[in-house]
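Notes to accompany the following structure.
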Amino acid sequence: MTDLKERRTKVEVKNLTKCYDDLLVLDDVSFEVKEGEFLCIVGPTGCGKTTFLNTLAKFIPATKGDIYVDGVPSNPMIHNLSFVFQEPSCIPWKTVEENIRLGLEIKKIPEQEIKTRVEKVINLVGLQNYRHYYPRQLSSSMEQRVVIARSFVMNPDLLLMDEPYGQLDVKLRYYLEDELIRLWKELNSTVLFVTHNIEEAVYLAERIIVLTPKPAKIKAEVIVDLPRPRDFTAPEFVKIREQVTELIRWW
Ligand SMILES: Nc1ncnc2c1ncn2[C@@H]1O[C@H](COP(=O)(O)OP(=O)(O)OP(=O)(O)O)[C@@H](O)[C@H]1O
Ligand SMILES: [Mg+2]
């Protein structure tokens, strides 16, 4: 991976502000995401992380500010912002393969290309032998892998992930974190991953943005320049984890 500073800006968030009536939740947040970057956002519970992602994805309107992709305002007709929710969200009456294909079919991608892209991703997440299974026949971690495959297969301009592993036990979480890194590297995706788990952020991110308590502003930015696979117990890892923990304390 080249140095973050040398990479092109892929996504720019400018002066993003969100109020629910009188309640100010996001207060003038601006930052950039580089092409192919893995960026984590951490912040205390209730600070506005989900609001932040929902506003970026345009599920809810911003009160002020906008998001630019490749220098132009993001537009669902041109750009592709893909979302992974906290809860598994497969379509129950479609098989694994049909779930992964669906977004590409909606975008009217040619069949040959769909086949190629689906094959690559289904192999990367290790579900090639489960392609004809329905979500109810899968474990929750397998289902979450389908959701992740479905997002990556779109080659999104920006993949937004809202605590996708929050519900899983630690062992599965470690496993899926490694898988996520593998997919990200293999497919050169640009990922924005929200979590309140600091260890997870230090394990995954090239860079971490720390938010303040509500109303959320950017409090600090931490570069995580550690080799992969990362070791949770390495002194350099622990040092960054403690640094971020200190930044997030609000009591
Ligand atoms: N639709 C809404 N209408 C009014 N207030 C809302 C709405 N959605 C969220 N809020 C408020 O905005 C604030 C931020 O909520 P949000 O869910 O974005 O936080 P979060 O950081 O994702 O929290 P968590 O860590 O629990 O996931 C909270 O005070 C919440 O009550
Ligand atoms: Mg949330």
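All values below were derived from every heavy atom in this structure, side-chain atoms included, with hydrogens, water molecules and symmetry-related copies excluded. First listed ligand is number 1; within each ligand, the first listed atom is number 1.
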Next item on the list: Tell me, please, if T51 has any N/O/S atom, main chain or side chain, under 2.8 Å from the Mg ion (ligand 2)?
Entry: no
Parallel under 30°, tilted from 30 to 60°, perpendicular over 60°: which one fits the rings of [X] and [Y]?
X    : Y    : answer
F38  : W184 : perpendicular
F85  : F83  : tilted
Y203 : F232 : parallel

Next item on the list: Indicate if V224 and I218 have the same hydrophobic cluster label, given that clusters are the connected sets of ILVMFWY residues with side-chain heavy-atom separations under 4.5 angstrom.
Entry: no
Notebook entry, point to check: Is a side-chain N or O of R7 found less than 3.5 angstrom from the main chain of V33, in a donor-acceptor match?
Noted result: no
Margin query: Please output the residues near ligand 1 using a strict heavy-atom distance under 4.0 Å, listed in chain and residue-number order.
Written below: Y20, L23, V25, T45, G46, C47, G48, K49, T50, T51, K214
Next item on the list: Kindly indicate whether a cation-pi arrangement holds for K171 with Y175, taking the cut-offs as under 6.0 Å to the six-membered ring centre and within 45° of the axis.
Entry: no
